[in-house]
Amino acid sequence: MTTYAPTDTIDLTPRLRLLRFPVGQACLWRDGGELTLIDAGAAGAGQPIADVVRDWGYAPEDVRRIVLTHFHEDHAGGAGEFARLSGAEVCAHRLDAPFVRGVEQGPGPVHEDGERLLHAQALARLPPVPACPVLPDAVRELADGDVLDFGGGARVVGVPGHTDGSIALELPEHGVLFTGDAVAASPVDGQVILGVFNLDRAQAVASFHRLAALDSDVACFGHGDPVAGGAAKALRAAAARYPLG
Ligand SMILES: [Zn+2]
Ligand SMILES: [Zn+2]
């Protein structure tokens, strides 16, 4: 079976381990004896994620939930496989849940200038195997404002635009923010930027501003280097370059 492994992992805080895949990234968060996985890589990532979990001193069964920031293959493709081998609950916003389940094909992005080639290049770096869909009854549907039982209370922040059901997760107690693809860091210079390949750019810009208003210290993006301190300031400076329509 094809596996899709992270190229490296980075411990951002004692509780937070970042898994960098060839395309995009996932995060593991720990609360004592239990873990939460935020995004799950592409198809074939399940077993390699289990290896990272073991390397951190845990068993795959210690991962209680997989929270998907949106349905795209580079974030959700490995969720079914990892859910099967860990027993973790899979959580996704209700608008993206049908695509996570694999019962419907999600809509493709509306490309901005120059994005079509970038998108094709990114897709070419994903493994050529179909995602193992999450079992239909195994998806817990989320809504804006829900609070999940990890990280001292993880708040679901609806950030539509990249996809209709895109979410961010805010851990106010720890000053940590997971943005999914609503925000990214440029692969060229690390600058904080609006995520690319959006379904609705105006909506994505509004969501970016919503995240920039939060008091985050550490921010993890779907793609690109995280901000390990002073994230709110970096996001606000970046948001100023994307005026609201
Ligand atoms: Zn995406
Ligand atoms: Zn992505």
Side-chain angles (χ1 to χ4, degrees), residues 4-7 18-28 37-45 48-49 66-80 82 90-102 104-112 114-127 131 133-134 142 156-169 177-188 190-208 210-211 219-227 238 242:
Y4 179 72
T7 49
L18 182 74
L19 289 67
R20 300 211 279 196
F21 287 98
V23 179
Q25 42 213 4
C27 292
L28 280 165
L37 177 67
I38 295 105
D39 285 336
I49 291 171
I66 305 165
V67 188
L68 300 174
T69 60
H70 62 297
F71 76 84
H72 284 161
E73 159 66 19
D74 49 330
H75 301 257
F82 188 73
V90 178
C91 310
H93 189 279
R94 65 176 179 82
L95 293 178
D96 274 19
F99 316 129
V100 168
R101 290 189 183 107
E104 283 176 50
Q105 177 106 38
V110 178
H111 291 296
E112 305 288 324
E115 280 191 355
R116 197 171 301 277
L117 178 63
L118 274 176
H119 195 234
Q121 286 169 341
L123 290 180
R125 282 157 60 208
L126 293 175
V134 175
L142 304 177
V156 174
V157 185
V159 285
H162 183 67
T163 65
D164 290 342
S166 282
I167 57 165
L169 290 168
L177 180 65
F178 301 98
T179 68
D181 282 355
V183 184
S186 162
V188 179
Q191 193 175 61
V192 177
I193 56 172
L194 182 72
V196 294
F197 311 144
N198 299 307
L199 211 50
D200 183 330
R201 190 176 190 276
Q203 213 179 20
V205 167
S207 290
F208 191 118
R210 188 175 183 199
L211 294 180
C220 296
F221 312 128
H223 301 262
D225 290 339
V227 179
Y242 302 96

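These values consider heavy atoms only, across backbone and side chains, with no hydrogens, waters or symmetry-generated copies. Counting starts at 1 for both ligands and their atoms, in listed order.
Residues Arg201 and Leu194 form a side-chain contact, since some pair of their non-hydrogen atoms from C-beta on lies under 4.5 Å apart. At a threshold of 4.5 Å between non-hydrogen side-chain atoms, the residues Asp39 and Gln25 do not count as touching.
Taking each heavy atom of Ala219 and Phe221 in turn, the nearest pair found is CB-CE2, 3.8 Å. Pro127 and Ala43 make their closest contact through CG-O, 3.1 Å (heavy atoms, listed as atom of the first residue, atom of the second, distance).
Within the protein, the number of N/O/S atoms found under 2.8 Å from the Zn ion (ligand 1) is 4.
Not counting sequence neighbours, the partners of Phe99 by the ring pair (Phe, Tyr, Trp, His ring centres under 6.0 Å) test are Phe71.
Using cut-offs of 30° and 60° for the angle between ring planes, the Phe208 and Tyr242 rings count as tilted.
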